[in-house]
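Comments concern the structure below.
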Number of protein chains: 2
Amino acid sequence: MAAKSDIKGTDETRAGDVLHRMRLDIISCALKPGTRMRFETLKELYAVSFSTLREALQRLVAEGLVISEGQRGFMVAPLYLSDLQDLTDVRVLVDQECIARSILHGDDDWEAQIIAAFHRMDRLKARLNDLYFMSDEWAVLHGDFHRSLVSACRSPTLLDFRDKLFQRAHRYRRMSCQFRTKWRPKDVEHRTLMETVIARDAPAAKNLIERHIRETTENVIQNAGQFLSTEPTAFPGILKSIAAE
Amino acid sequence: MAAKSDIKGTDETRAGDVLHRMRLDIISCALKPGTRMRFETLKELYAVSFSTLREALQRLVAEGLVISEGQRGFMVAPLYLSDLQDLTDVRVLVDQECIARSILHGDDDWEAQIIAAFHRMDRLKARLNDLYFMSDEWAVLHGDFHRSLVSACRSPTLLDFRDKLFQRAHRYRRMSCQFRTKWRPKDVEHRTLMETVIARDAPAAKNLIERHIRETTENVIQNAGQFLSTEPTAFPGILKSIAAE
DNA sequence: GATGATCACATTTTCGAAAATCCCAAGAAA
DNA sequence: TTTCTTGGGATTTTCGAAAATGTGATCATC
């Protein structure tokens, strides 16, 4: 219990709605990393008042998608190489654990959901052909597939953390394919992953998910590494330098 | 980077201050688990307005210390046996990793800080004698000591997550010693832990921290297990049954 | 020229009133 | 009796104006 952060936006208040929309805009990079978030702009964009905006922003701060400093407002959390590497290591740890536990606890229905999620993802890929990984639709189905693998792990706390990490990582993936369309084909990996998990081979699955995560990160760095700051520079500096372009 | 949730309250706005105070009140169980949080009451208690309160509450929701449902307000997150067990497992995983990494990366200064933190905790214990584990002061020093062990792990994301888990777990410890003063003496464990970590014996340290966490949990369950719900009951039910007493 | 003080403007932060929603009891209908 | 409506009071949620704070330019002084 406890750490449920309704990532799907199951909150029906207006603040919950804005939170949901803002989160999508950030992880899809529609709100660019490092940009300052002015209230006048946001107010217009999301059609709500100051306080409602602030509520959503505070939540996003806690999720690591937004940064706030003192009385100087908010900004979309910048993307750093160091953050990406940190994120990658932690995701390996957490996803490995989640998968191992899911393999231990998962039932028939769990397997069925994995197969269904894979199928949906696979068919969409076939339909969209070349640029599938740019589409929002695919991002959703890809996310669903990965979540289905770990969904039987029986740890709400771990799952919630995993989801937040996945979202944070998504921003890096998303940014990287804006720069170059060279993207490692992952469909074979996904299929093998599915088969291994359903075969209940935990050690092999742990290896596969680690490779999958690490290689994707390397791919991101190759495509967009040059655009990521190496050091978390002092706040005000970044604020301008990135927001400017 | 990114997931920094200024747990120490480094935010100088009033909302940040309220967040800080509220968090302390929740993890110290001054705000009792499961109680409904009415705005009129909170407004008086923290001397701020609606919107400022809401900002803090939203943050606490993201941290798993507060629960919100639809348009029905907020409540202090209840304590569940299942949550405690989940929390325990995840803490073992995360703390083991943090300690192993700290042992790998830690320098002389890191060692010095551990020794210093242990000393402070140890002296206070001696001074307070019997009821040391009930005092807020000891809670702080005990938290500092555990954090010093993992502080060199070089993963902001993991550290931040660890801190949140530690806080959530603290509520259970805190509640348990309100019911019974029987509390397993942990000073020897702490000393061994310190020595092992500084001796850079990662496997032994991982075993020790696991035992430390799991045995503490068992102690909590023995002391207060009967007061924890076994099942996360439906929301409105709890709301009354717990808030009533 | 460099440094520091002052002030006006832009922006954020806070507040409390107004609107929206929920809760529950009392009454009507089945 | 049970189930379904209705209404009013309690509570939460939203809004935009007012207060607080940061920013940057201008000017005086060293």
Side-chain angles (χ1 to χ4, degrees), chain A residues 6 9-22 31 34-62 65-77 233-244, chain B residues 6 9-22 31 34-62 65-77 233-244:
Chain A
D6 48 72
T10 68
D11 185 350
E12 277 152 18
T13 66
R14 188 170 311 210
D17 182 49
V18 173
L19 169 64
H20 181 60
R21 279 154 57 203
M22 241 174 165
L31 290 175
T35 53
R36 175 123 179 248
M37 308 175 87
R38 284 209 193 70
F39 277 89
E40 284 305 330
T41 317
L42 294 179
K43 225 168 73 130
E44 201 177 315
L45 195 53
Y46 296 100
V48 286
S49 67
F50 294 114
S51 342
T52 308
L53 275 174
R54 291 193 126 255
E55 281 185 46
L57 285 168
Q58 294 282 10
R59 278 284 282 269
L60 294 170
V61 167
L65 296 176
V66 162
I67 285 179
S68 84
E69 202 194 17
Q71 322 242 44
R72 240 163 299 180
F74 299 81
M75 71 185 255
V76 183
T233 329
F235 187 81
I238 287 175
L239 206 148
K240 272 182 280 182
S241 70
I242 304 188
Chain B
D6 47 74
T10 68
D11 186 349
E12 276 152 18
T13 66
R14 188 171 309 215
D17 182 49
V18 173
L19 169 63
H20 182 61
R21 280 155 55 203
M22 239 173 165
L31 291 174
T35 52
R36 175 123 180 247
M37 308 175 88
R38 284 207 195 70
F39 276 90
E40 284 306 329
T41 317
L42 295 178
K43 224 168 76 130
E44 201 176 315
L45 195 54
Y46 296 101
V48 286
S49 67
F50 294 114
S51 343
T52 309
L53 275 174
R54 288 190 131 259
E55 282 185 45
L57 285 168
Q58 293 283 9
R59 278 285 282 268
L60 292 170
V61 167
L65 296 175
V66 162
I67 285 180
S68 85
E69 202 195 17
Q71 322 240 48
R72 242 162 300 182
F74 300 82
M75 72 184 255
V76 183
T233 328
F235 187 81
I238 286 175
L239 207 148
K240 273 182 277 181
S241 70
I242 304 189

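In the text below, chain A, chain B and the rest are named by the order of the sequence lines, each starting its count at 1.
- Note on the helix from dG1(C)-dC30(D) to dA30(C)-dT1(D): angle between the axes of the first and last five pairs equals 20°, rounded to 10 degrees.
- L45(B) approaches R21(B) most closely through the heavy-atom pair O-NH2, 4.0 Å.
- Note on T52(A): a side-chain N or O is less than 4.0 Å away from OP1 or OP2 of dC15(D).
- One interatomic measurement links the two molecules: CZ of R14(B) to C1' of dT21(D), which rounds to 13 Å at whole-angstrom precision.
- Of the inter-residue distances, the one linking E55(A) atom CD with S68(B) atom OG reads 9.5 Å to the nearest 0.5 angstrom.
- For R38(A) and dT12(C), the CZ to P distance is 7 Å, given to the nearest whole Å.
- When each of dG16(C), dC15(D), dT21(D) is scored by its nearest atom to the side-chain atoms of Q71(A), the top-ranked nucleotide is dT21(D).
- With rounding to the nearest 0.5 Å, the separation of OG1 in T52(A) from CG in D17(A) is 11.0 Å.
- Distance CG/L65(A) to CZ/F74(A): 13.5 Å, rounded to 0.5 Å.
- The distance from atom CD of E55(B) to atom P of dC15(C) is 10 Å, rounded to the nearest whole Å.
- Residue-level contact check: R54(B) touches the bases, meaning some heavy atom is under 4.0 Å from a base atom.
- Remark: M75(A) CE to E69(A) CD distance equals 9.5 Å, nearest 0.5 Å.
- F74(A) places its CZ atom 12 Å from the C1' atom of dT11(C), with the value rounded to the nearest Å.
- The interatomic distance linking K43(A) (NZ) with dG16(D) (C1') rounds to 6 Å, in whole Å.
- Atom CG of L53(A) and atom P of dG16(D) are 12 Å apart (whole Å).
- Nucleic acid contact for S51(B): base, since at least one base atom lies under 4.0 Å from a heavy atom of the residue.
- Residue R36(B) places none of its side-chain N or O atoms closer than 4.0 Å to OP1 or OP2 of dT11(D).
- When the side chain to side chain donor-acceptor pair (under 3.5 Å) test is applied to T13(B), the partners found at least two apart in sequence or on another chain are D11(B).
- Between the OH atom of Y46(B) and the P atom of dC15(C) there is a distance of 15 Å, rounded to whole Å.
- Side-chain proximity of R72(A) to dG22(D), dT13(C), dC22(C): nearest is dG22(D).
- Rounded to whole angstrom, the span from the CZ atom of F50(A) across to the C1' atom of dG16(C) amounts to 16 Å.
- A distance of 8.5 Å separates CG of L53(B) from NZ of K43(B), quoted to the nearest 0.5 Å.
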